[in-house]
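Everything below concerns the one structure shown next.
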Amino acid sequence: MKSKYLKWSKISLLLVCFGFFMPVSCDGNGVDITRFYWNIEGGKQFGILLSCVLIFAIFSILFSLVQKDNLENEKIIWDWIFLMASICGGLFSLGRECLNYGFQFLQIGAFVIIIGWILSLIFLICASNDNESSENKTEETKQ
């Protein structure tokens, strides 16, 4: 059952990847905004943080593809690390802009990314709860 939730979590992360290439802000997609941050003085750290949104979503998907034969026994901690790194990168880079200008500058890509994060988070919580309940059952059968 855990593997089903993990698969849905990865599908949700595909939304993050698609949203990154849609218009995120000011008619620019995530790549355009990252390039913009790289070209302004003092903006390189925000370019790196914004790149983390896409990079860690892809890492999480690729990690599951490598572990696809053994998805039921996959360590969920890696999925949590990759998801939190993606979310933190987005919050620290675009969150700064939201504080300065409000949410009116965000476009459809930003909302697709946020939906992908929320769905992935929900499915990871379900997979973690399913993992804990299955571990408790195996401990009870050993006793």
Side-chain angles (χ1 to χ4, degrees), residues 1-140:
M1 191 73 163
K2 175 178 117 175
S3 64
K4 179 180 87 169
Y5 291 123
L6 285 176
K7 287 177 188 176
W8 280 105
S9 174
K10 304 309 171 180
I11 291 170
S12 301
L13 285 176
L14 282 175
L15 285 174
V16 173
C17 295
F18 291 142
F20 194 81
F21 294 103
M22 296 173 134
V24 175
S25 172
C26 304
D27 292 326
N29 60 21
V31 177
D32 296 333
I33 297 170
T34 302
R35 267 193 224 132
F36 170 75
Y37 279 136
W38 276 99
N39 291 329
I40 63 171
E41 187 176 327
K44 291 193 184 346
Q45 68 270 18
F46 296 109
I48 292 170
L49 288 171
L50 191 58
S51 298
C52 287
V53 172
L54 180 65
I55 290 169
F56 283 109
I58 290 173
F59 278 173
S60 182
I61 294 168
L62 291 178
F63 184 74
S64 289
L65 289 176
V66 170
Q67 300 287 331
K68 91 175 185 183
D69 294 336
N70 202 8
L71 196 59
E72 192 67 35
N73 296 326
E74 179 184 335
K75 302 253 185 215
I76 294 182
I77 188 71
W78 289 107
D79 292 309
W80 280 107
I81 291 170
F82 291 142
L83 179 63
M84 289 300 122
S86 177
I87 291 173
C88 287
L91 289 180
F92 289 136
S93 61
L94 291 177
R96 172 181 163 250
E97 297 297 322
C98 288
L99 289 175
N100 292 338
Y101 304 111
F103 291 99
Q104 68 268 14
F105 80 98
L106 295 179
Q107 292 177 318
I108 188 71
F111 296 112
V112 170
I113 290 171
I114 292 169
I115 290 170
W117 283 337
I118 291 170
L119 289 175
S120 183
L121 187 64
I122 290 169
F123 290 126
L124 267 181
I125 290 171
C126 291
S128 295
N129 289 340
D130 191 46
N131 188 32
E132 289 173 4
S133 65
S134 66
E135 287 176 0
N136 290 339
K137 287 179 185 178
T138 57
E139 289 177 8
E140 290 174 3

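Below, all heavy atoms of this structure are taken into account, side chains as well, without hydrogens, waters or symmetry copies. As the structure is a computational prediction, the values presented were derived from the model and not from experiment.
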When rounded to the nearest 0.5 Å, the distance separating CH2 of Trp8 from CD1 of Ile122 is 13.0 Å
With sequence neighbours left out, which residue pairs that include part of residues 82-92 fulfil the side chain to side chain donor-acceptor pair (under 3.5 Å) condition?
Ser86-Trp117
Between Gly89 and Cys52 the two heavy atoms that sit nearest each other are CA-CB, 4.4 Å
With Leu119 via side-chain contact (heavy atoms from CB on, under 4.5 Å) - residues at least two apart
Ser12, Leu15, Ile115, Phe123
In chain order, what residues pass the side-chain contact (heavy atoms from CB on, under 4.5 Å) check against Leu121, with sequence neighbours excluded?
Trp80, Leu83, Met84, Ile125
Shortest non-hydrogen contact between Gly30 and Leu50, atoms and distance
O-CD2, 3.9 Å
Rounded to the nearest 0.5 Å, what separation is found between the CD1 atom of Ile114 and the CG atom of Leu91?
8.0 Å
Heavy-atom pair with the smallest gap, counting every atom of Ser60 and Lys10:
OG-NZ, 2.6 Å
With sequence neighbours left out, what residues match Phe59 under side-chain contact (heavy atoms from CB on, under 4.5 Å)?
Ile55, Phe56, Phe82
Quick one: CD1 on Ile61 to OG on Ser120, what's the gap to the nearest 0.5 Å?
9.0 Å
Run the side-chain contact (heavy atoms from CB on, under 4.5 Å) test against Trp38 and tell me which residues pass, sequence neighbours left out.
Thr34, Lys44, Ile48
Heavy-atom nearest pair, Ser9 first then Leu124, reads OG-CG, 3.7 Å
Non-hydrogen atoms of Phe21 and Val31 that approach each other most closely:
CE2-CG2, 3.5 Å
